[in-house]
Amino acid sequence: MAAKICLVTGASAGIGRATALELLRAGHTVYGVARRVERMEDIREAGGHTLAMDVTKEEDLRRVVDTILAEQERIDVLVNNAGVGVYGAAEDVPLDTARHQFEVNMFGPARLIQLVLPGMRERRSGAIVNVSSIAGVISLPLGAWYHASKHALEGYSDTLRQEVGRFGIKVVVVQPGLIKTEFESSTPHDLREVSGKGAYASVANAMADRAEAAFAGKNKASDPSVVAQTIRTAIDAKAPKPRYAVGYLAKLLLRIHRLLPDRAFDKLVTRTS
């Protein structure tokens, strides 16, 4: 299979780093981007390119896309992986924090897509992989803004897939479950910081304790490599599935959510939170 020019966001850690390295092993040309360039040295050592980029800054997005086009003349694959999580009760989370959540998880990826689509349309080929989460389908207590941003990304991706398929462009959503990353491991701290006191303290502290236990267990959260391998599969497939659920509890929780009525699901998650 011919090598593709791939742009992977959030490549300084976790799923992004694992994806960049996986695509390099597959023989693709990879540009890993993140705010912290110094943390992508392993990607450079593996033969990849690294660029600084803040997904919330228009000038950064344009500079990165223009740089890759100047050096490679095309971008075949965009992996929108950069993301942040905001945890705490809906009543407690400041709206400025919530807006930033959407800037990183929704509007930044959407702007990058706008920048790469003209070239993909002209060549009538390309792949856009949006890394969502099972949180893009289900909703759990104390994650309102994170879930809202991922629900938005899922709906956006569905419409995008319907629009650009006629140009030979593939749009794929990847839905990780519990994955061992810095992003996930920060959840307990955020829960206690935002809602560890006050009306929602008992729920927040109980959820923080369970999150710590889940990530401490050897056989619990999945390694980021399982997501990276799924992204590689989707990119290489001639007709990829619209969605790939992958990682610890991903398929099980989505199945439970699909089978249970809303009120029954609410009782299940509030009883365990």
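Side-chain contact between Ile128 and Leu112 is absent, with no heavy atoms from C-beta onward closer than 4.5 Å. Side chains of Ile256 and Phe265 form a contact here, defined as non-hydrogen atoms less than 4.5 Å apart. The closest side-chain heavy-atom distance from Val194 to Val93 is below 4.5 Å. Between Leu7 and Val79 the shortest side-chain heavy-atom distance does not fall below 4.5 Å. Between Asp209 and Glu212 there is a side-chain heavy-atom pair separated by less than 4.5 Å. Side-chain contact between Val246 and Gln175 is absent, with no heavy-atom pair separated by less than 4.5 Å. You'll find the side chain of Arg161 stays beyond 4.5 Å of the side chain of Lys170, heavy atoms only. Looking at Arg111 and Leu115, their side chains come closer than 4.5 Å, going by heavy atoms from C-beta outward.
In this structure, CD1 in Ile5 is found 9.0 Å from CD1 in Ile75, a value given to the nearest 0.5 Å. The distance from atom CD1 of Ile68 to atom CD of Glu71, rounded to the nearest 0.5 Å, is 8.0 Å. With rounding to the nearest 0.5 angstrom, the CZ atom of Arg63 is 10.0 Å from the NZ atom of Lys57. Annotation: the span from Thr56 atom OG1 to Arg35 atom CZ amounts to 8.0 Å, rounded to 0.5 Å. With rounding to the nearest 0.5 angstrom, the OG1 atom of Thr29 is 10.5 Å from the CG atom of Leu23. How far CE of Met106 is from NE2 of His151: 14.0 Å, rounded to the nearest 0.5 Å.
With hydrogens and angles disregarded, no donor-acceptor distance shorter than 3.5 Å links the side chain of Tyr200 to the backbone of Lys197. Counting only distance, with no hydrogens or angles, the side chain of His147 and the backbone of Ile138 share a donor-acceptor pair below 3.5 Å. Proximity of a side-chain donor or acceptor of Gln101 to a complementary backbone N or O of Tyr146 within less than 3.5 Å is detected. Within the 3.5 Å criterion, the main-chain N or O of Arg44 finds no donor-acceptor partner in the side chain of His49. Side-chain atoms of Asn205 come within 3.5 Å of backbone N or O of Ala201 as a donor-acceptor pair. Distance alone, capped at 3.5 Å, is enough to place a donor-acceptor pair between the Asp60 side chain and the Asp54 backbone. In terms of modelled atom types and a separation under 3.5 Å, the side chain of Thr230 and the main chain of Val226 share a donor-acceptor contact. Under the 3.5 Å distance criterion, the side-chain polar atoms of Ser195 are left unmatched by any main-chain donor or acceptor of Leu191. Remark: side-chain polar atoms of Lys150 are paired, donor with acceptor, to backbone N or O of Val131 under 3.5 angstrom. Using modelled atom types, no side-chain atom of Thr50 and backbone atom of Gly32 make a donor-acceptor pair closer than 3.5 Å.
Classification of Asp96 and Arg99 as a salt-bridged pair holds, one side-chain N sitting under 4.0 Å from a carboxylate O. A salt bridge between Arg243 and Asp158 is present, with a side-chain N of the basic residue lying under 4.0 Å from a carboxylate O of the acidic one. Using a cut-off of 4.0 Å between Lys/Arg side-chain N and Asp/Glu carboxylate O, Arg62 and Glu58 are scored as salt-bridged. Between Arg192 and Asp190, no side-chain nitrogen of the basic residue sits less than 4.0 Å from a carboxylate oxygen of the acidic one, so the salt-bridge criterion is not met.
Under the 4.5 Å side-chain heavy-atom criterion for grouping Ile, Leu, Val, Met, Phe, Trp and Tyr, Phe107 is connected to Val65 within one hydrophobic cluster. The cluster map of Ile, Leu, Val, Met, Phe, Trp and Tyr, joined by side-chain heavy atoms under 4.5 Å apart, puts Tyr31 and Met120 in the same cluster. Both Val84 and Leu95 are part of a single hydrophobic cluster, where members link through side-chain heavy atoms under 4.5 Å apart. Linking ILVMFWY side-chain heavy atoms closer than 4.5 Å, directly or via other members, places Leu254 and Val173 in two distinct hydrophobic clusters.
Across Val171 and Ser157, no two heavy atoms sit closer than the pair CG1-O, 3.7 Å. For the pair Arg25 and Glu22, the tightest heavy-atom approach, listed with the atom from each and the gap, is NH2-OE1, 2.9 Å. When all heavy atoms of Pro240 and Ala234 are compared, the pair lying nearest together is CB-O, 3.5 Å. Smallest separation of non-hydrogen atoms from Ile15 and Pro176: CD1-CG, 4.0 Å. Minimum heavy-atom separation, Ile179 to Ala221: C-CB, 4.0 Å. Closest approach of Asn81 to Gly10, counting heavy atoms only: ND2-O, 3.2 Å.
Between Ser132 and Glu154, the side chains place a donor N or O and an acceptor N or O closer than 3.5 Å (distance only, hydrogens not considered). Neither side chain, Glu193 nor Tyr87, offers a donor N or O lying under 3.5 Å from an acceptor on the other. Between the side chains of Asp223 and Ser225, a donor-acceptor pair is found at a separation under 3.5 Å.
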Fill in: Residue pair Val8, Val33: steps toward the side-chain contact (heavy atoms from CB on, under 4.5 Å) verdict
CA-CA 6 Å; Val8 180; Val33 299; over 6 Å; no

Item to complete: Could you check Val164 against Arg121 for side-chain contact (heavy atoms from CB on, under 4.5 Å), going step by step and ending with a plain yes or no?
Response: CA-CA 8 Å; Val164 304; Arg121 278 193 298 100; 5.7 Å; no

Worksheet item: How far apart are the C-alpha atoms of Ile43 and Leu21, what are their side-chain angles, what is the distance that settles it, and do they pass the side-chain contact (heavy atoms from CB on, under 4.5 Å) test?
Response: CA-CA 6 Å; Ile43 294 173; Leu21 295 173; 4.2 Å; yes

Worksheet entry | side-chain contact (heavy atoms from CB on, under 4.5 Å) between Arg232 and Asp236, intermediate numbers included | CA-CA 6 Å; Arg232 174 181 173 179; Asp236 290 342; 3.6 Å; yes

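Within a 6.0 Å sphere centred on CD of Glu38, heavy atoms belonging to other residues, nucleotides or ligands number more than 12. The environment of Arg39 atom CZ is dense: over 12 non-hydrogen atoms of other residues, nucleotides or ligands sit within 6.0 angstrom. Atom CZ of Arg123 has more than 12 neighbouring heavy atoms from other residues, nucleotides or ligands inside a 6.0 Å radius.
Taking the six-membered ring where the residue is Trp, Trp145 and Phe102 present perpendicular rings, their angle passing 60° and hence far from 30°.
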